[in-house]
Amino acid sequence: MKGSCNRNTRIILHIDMDHFFSACEEREHPELKGNPVVVGAEPKQGRGRGVVKTCNYEAREFGIQSGMPISTAWRLCPNAIYVRGNYRLYKKVSERIMAILKKYSERFQRWGLDEAFLDVSLMTKDFEEATKLAESIKHEILWNEGITCSIGIGPNKLIAKIASGHEKPDGMTVVREDDVERFLAPLPVQRIVGIGEKTTAKLHGMGIKTIGDLAAFSASILAQKFGAMGMRYHQYALGLSESDVGERRGIRKSIGHECTFAVDTDARDVVSRRLVDICCKVYQRATEKNLLFKTVTVKVRYKNFHTFTHSRTLSFFTNSSQNLRKTAEELAQDALSGKEKVRLLGVRVSNLKLAKGQRILI
DNA sequence: TCTGGGGTCCTAGGACCC
DNA sequence: TCTGGGGTCCTAGGACCC
């Protein structure tokens, strides 16, 4: 069977740029190369708030990981080079890389700034050919942008995505249909997209550690414990996923902005001013995209990390900044009372609709 | 250790309508 | 007076992704 596949088999590539933000920084500032580089919040001598966005492999040797509090990163490696992040640059580089990828297949799907799927079933006759194609993609990105990526090749998006993370950086992992079970079985359950920290802990509690354990577990018990998601986890563990490679259609679902205070505050005027600033930002972004909104949600996180949201759906669609501000202020009454210190404030609008006569913007 | 900011999707209960 | 079942929308919270 090796080297061949029946024509019903799909061949999907998942392309994942290696430590994308810090790779962009190294490319712009070659003097950074060879040093641990951390992109994220300001460390402020270990007192900074926020998290690590990404870091290069030199920084990872100190135990730094993306998502980690920046204060922890600072303790692990105070001598690393800490960079705030130049998102305009990352976006530009990303756009150029996506343009390269799109040339290889019409069936293309961007996944964040630094990942994408390609369905190459129609232009490659088997996994060998797909591997050659993936090699040329790697070369072209490296040649043009000076950045390496890891590619996973599999019979569906789920497998391709897990495969791309298998041998990072600069990796290439091919999983043919016949190899799916062998490939997945020993991997930890959290490698499945959609199984995060909480679900992993619950699964561990049930004695399920690996994807093989999950596949062997009773689907009906999983459904009892996790509802519809349980069935999905089981399907994923068997390596089954039907989802097509394609860009999301239609308008976005929501637009929001949120802000963590540098210091938790109970000063009413500070919170109230920040709320107005956030509303302005959200209003601007909705207006730029010609969107009307109907639902306003305010999010408040207190010092103890307890978080609540309040939302209200208006009886009409609007793009008025006054409506947004007034609704947000009413919803945020509790937060404005100054009883508890506020850590984060956010505003989001949803139930969106395009303003009449405007072109479609995603 | 002390936890960002942009999002999406799911669940569950309740209101309301037919 | 007590009570269907289906559908849709709203609200709040939670998990997860990059």
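For the numbers below, each heavy atom of this structure counts, side chains included, while hydrogens, waters and symmetry mates do not. Letters go in sequence order (proteins before strands), and every chain restarts at 1.
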Side chain to side chain contact (heavy atoms under 4.5 Å, CB included) between A:L76 and A:M68: does it pass, once the steps are laid out? CA-CA 11 Å; A:L76 290 169; A:M68 169 183 277; 3.9 Å; yes
Base, sugar-phosphate or nothing for A:G256? Non-hydrogen atoms, less than 4.0 Å.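 Result for A:G256 = sugar-phosphate.
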So A:S71, base contact, sugar-phosphate only, or nothing? Heavy-atom distance under 4.0 Å.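 Counting heavy atoms under 4.0 Å across all strands, the contact made by A:S71 is with sugar-phosphate only.
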Could you write out DNA chain B as a dot-bracket string, with dots for unpaired bases, | for bases paired across to another strand, and Watson-Crick or G-U pairs counted at under 3.5 Å? ....||||||||||||||
In whole Å, what is the span from the [atom1] atom of [X] to the [atom2] atom of [N]?
X: A:W74; N: B:dC2; atom1: CH2; atom2: P; value: 15 Å
X: A:Q65; N: B:dG4; atom1: CD; atom2: P; value: 16 Å
X: A:K44; N: B:dT3; atom1: NZ; atom2: C1'; value: 15 Å

Does the side-chain ring of A:F305 lie flat on the base of B:dT3, meaning centres under 5.5 Å and planes less than 30 degrees apart?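 A:F305 ring centre within cut-off of B:dT3 base, planes near parallel; stacks.
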Give a yes/no answer on whether the side chain of A:R343 brings an N or O atom under 4.0 Å of OP1 or OP2 in B:dG4. yes
C1' atoms of B:dT3 and C:dA15, separation to the nearest Å: 16 Å
If a protein heavy atom is under 4.0 Å from the base, mark B; if only from the sugar-phosphate, S; if neither, -; do that for nucleotides 8-14 of chain B going 5' to 3'. SSSS---
Identify the pairs formed between an N or O of the protein and an N or O of nucleotides 16-18 of chain C at a distance under 3.5 Å, and give each distance.
| residue | atom | partner | partner atom | Å |
| --- | --- | --- | --- | --- |
| C:dC16 | OP1 | A:G196 | N | 2.9 |
| C:dC16 | OP1 | A:T199 | N | 3.0 |
| C:dC16 | OP1 | A:T199 | OG1 | 2.3 |
| C:dC16 | OP2 | A:E197 | N | 3.3 |
| C:dC16 | OP2 | A:K198 | N | 2.9 |
| C:dC16 | O5' | A:G196 | N | 3.4 |
| C:dC17 | OP1 | A:G194 | N | 2.9 |
| C:dC18 | OP1 | A:K161 | NZ | 2.5 |
| C:dC18 | O3' | A:D114 | OD1 | 3.1 |

